[in-house]
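Comments concern the structure below.
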Number of protein chains: 2
Amino acid sequence: MKPPVIADVARVAGVSVPTVSRVLNGTVPVSAERRERVMAAVKKLGFRPNGAARSLASQAGSMIAVFAGNTTRYGYAATIQGIEEAARQAGYMVVISVVETADGATVERAIDHALGQPLAGAVVLEFDPPGVAALAQMPSWLPAVAAASGGSSDEAISHAYMDDRHAAIQATRYLLDLGHRTVHHVAIPSMGVESARMVGWREALRDAGIEPPPVIHAGWDPLAGYDAGVRLARDDGATAVLAGNDELAIGVMKGLVDSGRSIPGDVSVIGFDDHPLSQLWVPPLTTVRQDFVGLGHQVFGLLVGRMEAGEPRPSVRMVPDLVVRQSTGRPASR
Amino acid sequence: MKPPVIADVARVAGVSVPTVSRVLNGTVPVSAERRERVMAAVKKLGFRPNGAARSLASQAGSMIAVFAGNTTRYGYAATIQGIEEAARQAGYMVVISVVETADGATVERAIDHALGQPLAGAVVLEFDPPGVAALAQMPSWLPAVAAASGGSSDEAISHAYMDDRHAAIQATRYLLDLGHRTVHHVAIPSMGVESARMVGWREALRDAGIEPPPVIHAGWDPLAGYDAGVRLARDDGATAVLAGNDELAIGVMKGLVDSGRSIPGDVSVIGFDDHPLSQLWVPPLTTVRQDFVGLGHQVFGLLVGRMEAGEPRPSVRMVPDLVVRQSTGRPASR
DNA sequence: TCTCAGATGATCGACGCTTTCATAGCGTCA
DNA sequence: TGACGCTATGAAAGCGTCGATCATCTGAGA
């Protein structure tokens, strides 16, 4: 009832243990006849090399740890999927390590726990404060890279990032070009400093000679967006909103509509991420499309480079694009 | 620059290697004085036990593999989160193994790959055909449990499941009680046989003496729901729809509305899952709430029992509940 | 026929940790 | 006081695999 080991294979095939190992790893040539016998024995017994023993002996990990503050939100889940796809292709397994808060002890526990496994490398999802904290505490001997939105906090670590600052500038400009006097921002929780989305928004406004209105801070929950929408509805001058993500944008729209404003008639709304449901909303949401799965692929590629070369690779920048749908329009002329 | 090993700790603390091991694992009493010294040395060196070596020596895995057909969809992601939370609490790491198709080779590759790691057990998300296939090919020596929606395909394996059949009956009855003549069903991809949601729907109709209309098969994509909605709009007798999940329901609603039908005026729609955005839809979606995170907790508990006792535990049934919001109402009187 | 490569197969430690197993120390009781 | 039992500790033996080292067997060239 116990899994077969390499010695069993050797016995069945009538060869020595190292010969089996060589056949399996293909490092040294083995006669066709013996290889045949070994393969047959492997198949017959259903033999699987023991990963623990293998990584102990070869000193090489076989898994990639992904540190994430969350696994259910769209952007996170999609990025993790991208990493998983690329890792699977390259023969690695992905272990998930959720870092619930940026609290030192929590972060340390998560890292410690993960480090107990035979890791080949780590990817940190630097999308939120726990991510930033995890990156800061990552031991230097472990090859690590980061997936970020809008630049990384640690320039010494190579990262793949969405240029959200750029995207936010574009989105804000788009709204201004439509004729809006100003653009309000409903923000996702910040990463310690300011999110690139917020920075870009502010920059675009300043460039246009407009003093940015106060930021409305919301959480990740769409319901927080709803509250923000209700608040914005009270301000008659608020005709355009850039939301920190699509869930928030949807909440904002609902809050606005429930407060008697129409979209895009009275208020234009732009989101971030291109959530699968965004296009089905009424009205379909104008948003900034982010290729999270692609980000996952890219960041894994970076990690492979880091593991093989040892040297940090130059970072990869990904450019999100604005998808114009029907939640945005010219402001009502007054 | 290499991570410290147990021998380093022993040397620094002035004790033997096994003593360090005993302090760390707390299996055998060690004098307070030595324990003190060992702890100090561990802290000083930043020692982390090597997981590979540990599981090799103790013959016990330290991780839980989760086999899933997908990781981004709401129900999957939330269940995985529940498993991860419970596993983390119990000191296990979670490795994700995505099984993209039910194709034999694909499933085998995924399982083989995961089995290379030091696994303590496995959880299969039996939500779709890949899940069913993975469960079928799971080796018997590995403690495994399943998280299912509406009963498992393999009664020999203990599972936690959502009683979706029951929930579908309730939802369908609710619509009939409102006065609808019949209820249409837009189905998620089947699990080989029929989904419990579909079975319950059909059963409720038959119980009411109504011959079930043809099922409309859609994919997982909300856009498939849209097409279904457009089709349903052509049928004047279609006044009530039970959708396989909320994403589909949202697509269906959009398709109906774009085809000139109003909700719930002309057509009532019920979804499944209570997706976070469902309540923000216009109108807010009546749906069957599923506690996926709780399902994850439960199924992990089952796995722990299986790992400790060796014997399969009785299965756990979870009862989803109908959340009535504004997408359902009485049919227009004609 | 003998020697010397070249090609394969087998032997022998690691790898870092856990787990018997044996031993030294110490108190207890006859 | 000596035999006994108990506890804390150390020494040594694996756990399953890989890599380097050693042995052997083949065939070619002289």
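We use all heavy atoms of the structure for the numbers below, so side chains are in, but hydrogens, waters and symmetry mates are not. Below, read A as the first sequence line, B as the second, and so on, with proteins coming before strands; counting in each chain starts at 1.
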*Is a side-chain donor or acceptor of A:H113 paired with a backbone partner of B:G91 at a separation under 3.5 angstrom?*
yes
*For B:E84 and A:T71, test the side chains for any donor-to-acceptor distance below 3.5 angstrom and give the result as yes or no.*
no
*Rounding to a whole Å, what distance do you find between B:N50:CG and C:dC17:C1'?*
8 Å
Could you tabulate the donor-acceptor pairs under 3.5 Å formed by side-chain atoms of residues 39-48 of chain A, not counting sequence neighbours?
unit_1: A:R48; atom_1: NH1; unit_2: B:D112; atom_2: O; d: 3.2

*Are B:S315 and B:S158 close enough that a side-chain donor and a side-chain acceptor fall under 3.5 Å?*
no
*Assign a letter to each nucleotide of nucleotides 9-15 of chain D from its 5' end: B, base within under 4.0 Å of a protein heavy atom; S, sugar-phosphate only; -, no contact.*
BBBB-BB
*the helix from C:dT1-D:dA30 to C:dA30-D:dT1: angle between its terminal axes, five pairs each, to 10°?*
60°
*Is the backbone of B:A13 close enough, under 3.5 Å, to the side chain of B:R37 for a donor and an acceptor to pair up by distance?*
yes
*Modelled atom types, side-chain donor and acceptor of B:T27 and B:N25, under 3.5 Å*: no
_Assess whether a salt bridge exists between A:E100 and B:R88, defined as any Lys/Arg side-chain N lying under 4.0 Å from an Asp/Glu carboxylate O._
yes
*What is the distance from CZ of A:R37 to P of C:dT8, rounded to the nearest Å?*
15 Å
*Can a donor-acceptor pair be found between the side chains of A:Q89 and A:E85 at a distance below 3.5 Å?*
no
